[in-house]
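What follows is a short report on a single structure.
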Amino acid sequence: MNVIVLNGSPKGAKSVTLQYVAYIAKHFPAHTLKTIHISRRIRHLERDVAAFDAVMDEIRAADAILWATPVYHLLVPAGYKRFIELVFEKNAAAVFDGKPTAVLTTSIHFYDHTAHNYLHAICDDLAMRHVGCYSADMYDLLKAPERKRLAAFAALMFTEMASQRPAHRQFPPLVWSGGTYAPAGSPIPWTRVAGGSF
Ligand SMILES: Cc1cc2nc3c(=O)[nH]c(=O)nc-3n(C[C@H](O)[C@H](O)[C@H](O)COP(=O)(O)O)c2cc1C
């Protein structure tokens with residue numbers, strides 16, 4: 001299976017997260033994992049249309065996508081979030097449509113669930129087939145039982161990616177609720193004070 005790894009760490013190849021990807025690649029040589037350093041290259045991807053399109057071409061040609069990222073500030077690194085914005089801004093969402101995908105994070109388990117929920121919702125918005133997620137502690141690779149757990153996840157991930165099983169959509173799409181902003185005198189009493197409003 002040809003898997004594109006979208007690396008969310010601005011540290012690029014030296015990132016902790018990529019060591020987990022390297023561990024998976026080493027233990028599953030039957031699969032090819034090719035990494036694209038998204039956050040590290042985000043300024044370039046933002047400005048250079050050809051570079052962005054080249055990433056989309058890689059994703060289009062892949063059998064599956066692995067979102068591999070650290071948790072930063074209760075979410076994903078800003079550059080990763082910007083990349084996701086660019087996908088929608090540039091109307092490139094169709095490239096991801098139907099692709100099997102999984103999420104791998106490293107963190108100290110502080111609000112890692114918000115990062116996972118966010119990425120799962122993005123996968124749902126992109127109509128991807130989300131097969132699973134894994135939240136590793138940044139020091140897990142140093143522990144034999146955790147390495148075993150990671151390998152078990154990876155085995156299941158590859159099996160599910162290769163299967164044709166439909167995925168369960170977890171997050172409904174955001175629907176624009178409409179509404180018009182008409183600030184003609186505030187209807188909220190506490191914003192009105194003698195002599196004017198604040
Ligand atoms: C700026 C910054 C913010 C972080 N924020 C969080 C956080 O909110 N929650 C958490 O569990 N870990 C947080 N961490 C820890 C990282 O997720 C952890 O060190 C991760 O393994 C780093 O991966 P990387 O080397 O691939 O970037 C943060 C680390 C940094 C540098």
Side-chain angles (χ1 to χ4, degrees), residues 1-29 31-47 51-52 54-55 58-59 62 64-87 96 99-126 128 130-158 161 170-171 174:
M1 181 162 264
N2 167 28
V3 180
I4 288 292
V5 178
L6 301 175
N7 179 18
S9 177
K11 297 178 204 162
K14 290 183 181 159
S15 92
V16 169
T17 311
L18 263 209
Q19 311 320 308
Y20 288 71
V21 173
Y23 185 84
I24 293 172
K26 186 176 174 187
H27 286 79
F28 295 86
H31 302 286
T32 308
L33 280 83
K34 181 176 178 189
T35 299
I36 303 177
H37 299 295
I38 295 296
S39 292
R40 196 170 178 80
R41 296 181 56 209
I42 191 62
R43 290 282 165 257
H44 189 53
L45 296 176
E46 230 176 1
R47 289 173 193 153
F52 181 84
V55 172
E58 298 257 33
I59 291 171
I65 305 298
L66 178 61
W67 299 86
T69 182
V71 177
Y72 280 8
H73 304 299
L74 327 183
L75 205 68
V76 298
Y80 214 41
K81 202 161 186 304
R82 180 67 189 127
F83 171 75
I84 290 163
E85 284 174 356
L86 283 179
V87 168
F96 296 78
K99 292 262 177 225
T101 188
V103 174
L104 166 67
T105 64
T106 67
S107 69
I108 55 169
H109 294 312
F110 184 69
Y111 283 83
D112 46 335
H113 63 288
T114 57
H116 278 267
N117 285 344
Y118 168 70
L119 284 174
H120 193 158
I122 292 300
C123 292
D124 285 352
D125 285 351
L126 291 170
M128 302 183 84
H130 183 278
V131 302
C133 57
Y134 192 92
S135 179
D137 181 274
M138 65 179 293
Y139 292 114
D140 273 359
L141 268 192
L142 303 178
K143 302 167 194 156
E146 293 301 331
R147 290 196 294 271
K148 202 172 161 190
R149 209 165 65 84
L150 178 65
F153 167 77
L156 197 60
M157 176 187 82
F158 288 125
M161 282 175 164
Q170 191 172 327
F171 296 93
L174 279 181

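Computed from a predicted model, the values in this text were never measured in an experiment. Order of appearance sets the numbers: ligands from 1, and atoms from 1 within every ligand.
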Contacting atoms of ligand 1, where contact means under 4.0 angstrom from a heavy atom of [X]:
X      : answer
Met138 : 18 (C), 19 (O), 21 (O)
His109 : 11 (O)
Ser15  : 24 (P), 25 (O), 26 (O)

Do ligand 1 and [X] have nitrogen or oxygen atoms that lie under 3.5 Å from each other?
X     : value
Leu18 : no
Val71 : yes
Pro10 : no

Indicate yes or no for a side-chain donor-acceptor contact from Tyr80 to the backbone of Leu6 under 3.5 Å, with no hydrogens or angles considered.
yes
Is the backbone N or O of Met138 less than 3.5 Å from a side-chain atom of Tyr20, with the two atoms forming a donor-acceptor pair by type?
yes
Would you kindly say whether [X] and [Y] are connected by a side-chain donor-acceptor distance under 3.5 Å?
X      : Y      : value
Thr32  : Asn2   : no
Asn117 : His120 : no
Thr69  : Thr105 : no

What protein heavy atom is closest to [atom], reported as residue, atom name and distance in Å?
atom                    : result
atom 21 (O) of ligand 1 : Thr106 OG1, 2.8 Å
atom 8 (O) of ligand 1  : Leu74 N, 2.8 Å
atom 9 (N) of ligand 1  : Phe110 O, 2.8 Å
atom 26 (O) of ligand 1 : Thr17 OG1, 2.6 Å
atom 23 (O) of ligand 1 : Pro70 CB, 3.2 Å

Heavy atom of Asp112, distance to ligand 1 below 4.0 Å
no
Measuring from Cys133:SG to Met157:CE, what's the distance to the nearest 0.5 Å?
12.0 Å
OG1 of Thr35 to CD1 of Ile4, rounded to nearest 0.5 Å, is 8.0 Å
Contacts satisfying side chain to side chain donor-acceptor pair (under 3.5 Å) that involve residues 136-148 (not counting sequence neighbours) are Glu146-Arg149
Ring centres under 6.0 angstrom apart (His116, Tyr118)
no
With respect to atom 1 (C) of ligand 1, which of His73, Lys14, Lys11 exhibits the smallest heavy-atom separation?
His73
